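See structure below.
All figures in this text were calculated on a predicted structure; none of them were measured in a lab.
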Amino acid sequence: MAIRNLRLEGDEILKKKSREVDVIDEKIQILIDDMIETMHKYNGVGLAAVQVGVLKKVIVIDLYDDNGPIVLINPVILKTKGEHEVDEGCLSFPNQFAKVVRPEEVVAEYTDREGKRMKVKAKELLAQAICHEVDHLNGEVFIDKIIPGTLEYVEPEKN
Ligand code: NI
């Protein structure tokens with residue numbers, strides 16, 4: 001496994017659409033492992049492949065709960081319910097946080113890393129993370145949909 005370089009604000013690749021994964025081969029499995037390691041290294045809740053420079057529909061999410069990391073390949077949001085204001089950040093926009101409006105619940109379909117098509121009904125932070133990462137796959141970044149006036153820059157903690 002390896003830490004991959006994060007693509008940051010201003011990198012044009014973040015505006016590009018990712019392509020479907022046809023075959024979950026060794027290369028995709030390595031990408032997934034590296035994405036999980038990279039997400040953990042930067043204490044992220046989610047990461048899309050485009051953020052490490054790969055335009056493939058692969059997402060990893062970890063809420064740091066009992067479920068461990070979740071891998072979503074070719075995810076599709078089927079349904080959303082409700083909406084609320086939430087705080088959000090992104091590993092491609094270090095130290096920046098803002099409020100965005102996200103659905104309270106989503107139903108999504110995806111392929112897991114074993115190639116099985118799955119369906120998930122997600123609430124709260126998981127719903128938010130799925131929406132944020134699916135946006136990345138569509139070339140959209142959270143900073144373009146923040147509630148005006150809510151952007152804050154937070155200095156990283158010094159060790
Ligand atoms: Ni992000």
Side-chain angles (χ1 to χ4, degrees), residues 1-65 67-83 86-94 96 98 100-146:
M1 298 221 284
I3 308 281
R4 301 222 184 174
N5 283 334
L6 281 177
R7 299 303 189 96
L8 301 176
E9 183 172 14
D11 193 318
E12 286 299 311
I13 201 170
L14 294 174
K15 295 183 180 164
K16 294 191 175 156
K17 287 190 200 302
S18 295
R19 288 180 290 272
E20 298 257 319
V21 174
D22 296 324
V23 186
I24 305 169
D25 56 12
E26 179 70 13
K27 217 175 148 188
I28 295 287
Q29 295 290 356
I30 291 168
L31 171 69
I32 290 166
D33 286 335
D34 288 355
M35 284 173 65
I36 291 170
E37 197 177 346
T38 305
M39 169 176 68
H40 286 160
K41 154 105 178 154
Y42 295 103
N43 303 311
V45 168
L47 190 69
V50 59
Q51 293 179 274
V52 294
V54 179
L55 287 168
K56 293 232 159 96
K57 292 191 173 179
V58 179
I59 286 170
V60 296
I61 291 171
D62 197 341
L63 303 183
Y64 301 93
D65 60 11
N67 293 318
I70 311 164
V71 178
L72 300 93
I73 300 166
N74 301 335
V76 179
I77 292 171
L78 302 173
K79 256 198 281 188
T80 68
K81 194 174 147 194
E83 51 180 34
V86 285
D87 290 308
E88 202 160 299
C90 176
L91 291 182
S92 293
F93 296 78
Q96 298 179 48
V100 293
V101 176
R102 294 289 187 192
E104 282 174 329
E105 287 181 33
V106 302
V107 177
E109 212 179 65
Y110 64 96
T111 301
D112 70 12
R113 66 187 301 177
E114 278 79 44
K116 209 167 140 208
R117 201 66 183 161
M118 312 284 282
K119 204 181 222 185
V120 61
K121 188 172 176 183
K123 291 198 263 189
E124 297 162 12
L125 186 56
L126 182 58
Q128 181 186 356
I130 291 172
C131 292
H132 178 111
E133 303 310 332
V134 168
D135 280 353
H136 273 301
L137 302 184
N138 293 322
E140 295 166 14
V141 289
F142 90 110
I143 217 85
D144 290 336
K145 52 174 66 178
I146 62 173

Can you run down the salt bridge (Lys or Arg N to Asp or Glu O under 4.0 Å) pairs that involve [range], sequence neighbours left out, and say none if there aren't any?
range            : answer
residues 67-76   : none
residues 23-49   : Arg4-Asp34, Asp33-Arg113
residues 123-137 : Arg102-Asp135, Asp135-Lys145

For [X], which residues count as a side-chain hydrogen bond (donor to acceptor under 3.5 Å, both in side chains) partner, sequence neighbours excluded?
X      : value
Asp11  : Arg7
Glu9   : Gln96
His132 : Glu88, His136

If you compare all heavy atoms of [X] against all heavy atoms of [Y], which two are closest, and at what distance to 0.1 Å?
X      : Y      : result
Pro103 : Ala127 : O-CB, 4.3 Å
Cys90  : Gln51  : SG-NE2, 3.5 Å
Gly46  : Leu91  : O-CD1, 4.1 Å
Val50  : Leu55  : CG2-CD2, 3.7 Å
Val120 : Leu126 : CG2-CD2, 4.4 Å
Ala2   : Thr38  : O-OG1, 3.9 Å

Residues Val134, Leu72; criterion side-chain contact (heavy atoms from CB on, under 4.5 Å); working and verdict: CA-CA 10 Å; Val134 168; Leu72 300 93; over 6 Å; no
Sequence-distant partners of [X], side-chain contact (heavy atoms from CB on, under 4.5 Å), two or more places apart:
X      : result
Lys119 : Leu78, Val107, Glu109
Asp65  : Leu63, Asn67
Thr111 : Ile24, Ile73, Arg117
Asp112 : Tyr110, Glu114, Lys116, Met118

Full working for side-chain contact (heavy atoms from CB on, under 4.5 Å) between Lys81 and Glu104: CA-CA 6 Å; Lys81 194 174 147 194; Glu104 282 174 329; 5.9 Å; no
Got a second to check how far [X]'s [atom1] is from [Y]'s [atom2], nearest 0.5 Å?
X     : Y      : atom1 : atom2 : answer
Ser92 : Phe142 : OG    : CZ    : 9.5 Å
Ile70 : Ile36  : CD1   : CD1   : 10.0 Å
Leu47 : Ile59  : CG    : CD1   : 9.5 Å
Lys56 : Ile32  : NZ    : CD1   : 11.0 Å
Lys79 : Glu105 : NZ    : CD    : 9.5 Å
Ile13 : Ser18  : CD1   : OG    : 8.0 Å

Pairs where residues 17-39 contributes a residue and the test ring-ring contact (aromatic ring centres under 6.0 Å, His included) is met, not counting sequence neighbours: none
Summary of ring-ring contact (aromatic ring centres under 6.0 Å, His included) pairs that have at least one residue in residues 2-57, sequence neighbours excluded: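 Only His40-Tyr64 qualify under ring-ring contact (aromatic ring centres under 6.0 Å, His included).
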Backbone of Val21 reached by a side-chain donor or acceptor of Asn74 within 3.5 Å: yes
